[in-house]
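Just so you know, ligand 1 is whichever comes first in the structure, and atom 1 is the first atom listed for that ligand.
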Amino acid sequence: MRAFKAHLWGLAPYPYKKVEAPVKLDQNESPFDLPPSLKEEALRRLARLPWNRYPEIHAEGLRRRLAHLLDWPEEGIVLAPGSNLLILALAVAAEEVLDLVPSFPHYAHAARVAGTPRRAVPLLEGFALPLEALLAAFTGGVLFLPNPHAPTGALFPEEALEALAERAREVGGLLVVDEAYREFAGSDFSPLGRGNPHVAFLRTFSKAFSLGGVRAGYLLASPEVAALVREVLPPFVLPAHTGTILEVVLENPGYVEAVAAHVRAERERVYAKLRGHPTWQPYRSHTNFLLVRTPDAERAFRHLLAQGILVRRQDHYPGLFGCIRVTVGSKEEMDAFLKAAFEVAYA
Ligand SMILES: *Cc1c(COP(=O)(O)O)cnc(C)c1O
């Protein structure tokens, strides 16, 4: 076959394998579906929607609403079916991608697909941000920085991000702060992008908004950067049904804080319990998951799965030997996880 660019053959598939289990703690989803009243309202609006008509070209109505809610210029917002698609668009557009290791795997995957050169800087001891090395490596291009960080759960300090934002301005690059987990940290780095067109932010509806299945995320950027990203994406990219559901949740966002509060409380409870585990070590997290170091990730994974609990192995990442990642689920799910976790110690 000579139809495709040669670099696309032999791309490693995205590291996800579907496994069935009664307690699903492997994808950092919300344990709760949308509140029934909101789901019913969305269904009513979907029934009235003319499905034969295209949606707005760049989701203008929703962008206006988000602009108003976030006090961000409407022209600086890009909506897409998932922030993963925005990451791909940014990677296609980028001169170069700068990334951390370990980090959210889609940044590297998107750069590979796009054929964009990529460099990565390893995290320091204790999953600290390698600020000096990043400042030195950031000579242009797009730096993807998840904060809170995945897959470690760490929250990098504001001063470090300020330094990177200034560096982005100096070298004409773009710092992209991926805030997928911000509701669980109570963090908001968007002030760094007010007055600095070299900083942008990714947000998602997949985590605290409990809409992983709906597929929606957005970019906050300067009007110039946002306009470029909109042109890289296909027109009419946000489906009408997705837009309708987002309209309902943006009119009634109160449930999001309840989801985030549950996750924070449950995360701290499970963290405290795991601290008493004879061989497993949990890391502090500012997200809706816990990274846990075990003596043997394969054995921990198999043991939990045998008890009906599905988690995600992370031991393929440099520096994460023995690690598994556990999504914070409902109280019942976390009780089941803890019970199984303590059984393995004596198995
Ligand atoms: C979950 C997650 C996302 C969300 O991607 P969507 O395509 O919006 O579902 C983005 N970034 C990080 C770091 C994530 O963990």
Residue-ligand contact Gly217/ligand 1, heavy atom below 4.0 Å: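 Contact absent.
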
Looking at Phe321, is Arg293 sitting on its ring face, NZ or CZ under 6.0 Å from the six-membered ring centre and within 45 degrees of the normal?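 Yes, a cation-pi geometry holds between Arg293 and Phe321.
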
By number and element, which atoms of ligand 1 are closer than 4.0 Å to a non-hydrogen atom of [X]?
| X | value |
| --- | --- |
| Thr204 | 4 (C), 6 (P), 8 (O), 9 (O) |
| Lys207 | 1 (C), 2 (C), 3 (C), 4 (C), 14 (C), 15 (O) |
| Tyr181 | 1 (C), 14 (C), 15 (O) |
| Arg215 | 6 (P), 7 (O), 9 (O) |
| Ala180 | 2 (C), 3 (C), 10 (C), 11 (N), 12 (C), 14 (C) |

In the protein, what heavy atom is nearest to atom 4 (C) of ligand 1, and what distance, to one decimal place, separates them?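 Checking every protein heavy atom, the shortest distance to atom 4 (C) of ligand 1 gives Ser83 OG, 3.4 Å.
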
Among all protein heavy atoms in this structure, tell me which lies nearest to atom 11 (N) of ligand 1, with the distance rounded to 0.1 Å.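 Looking at atom 11 (N) of ligand 1, the protein heavy atom closest to it is Asp178 OD2, 2.6 Å.
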
Please name the pair of heavy atoms, one in Thr204 and one in Ser83, separated by the smallest distance, quoted to 0.1 Å.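 Closest pair (atom of Thr204, atom of Ser83, distance): CB-OG, 3.7 Å.
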
Taking Ser330 for the side chain and Pro31 for the main chain, is one N or O donor matched with an acceptor at less than 3.5 Å?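 Here the side-chain-to-backbone pair does not exist.
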
Are Tyr283 and Phe127 close enough that their ring centres sit under 6.0 Å apart?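 Judged by ring-centre distance (under 6.0 Å), Tyr283 and Phe127 do meet the cut-off.
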
Ring centres under 6.0 Å, that's the criterion: do Phe184 and Phe289 meet it?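 No: the rings miss the under 6.0 Å criterion.
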
Below 4.5 Å, heavy atoms only, C-beta onward: do Tyr181 and Asn147 meet side chain to side chain?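 Not in contact.
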
Member of Arg45, Arg44, Arg63 meeting the salt bridge (Lys or Arg N to Asp or Glu O under 4.0 Å) criterion with Glu247: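 The residue from Arg45, Arg44, Arg63 that satisfies salt bridge (Lys or Arg N to Asp or Glu O under 4.0 Å) with Glu247 turns out to be Arg45.
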
Would you kindly specify which portion of Ser206 sits under 4.0 Å from ligand 1, judged on non-hydrogen atoms: side chain, backbone, both or neither?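 Contact part for Ser206 vs ligand 1: side chain (C-beta onward).
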
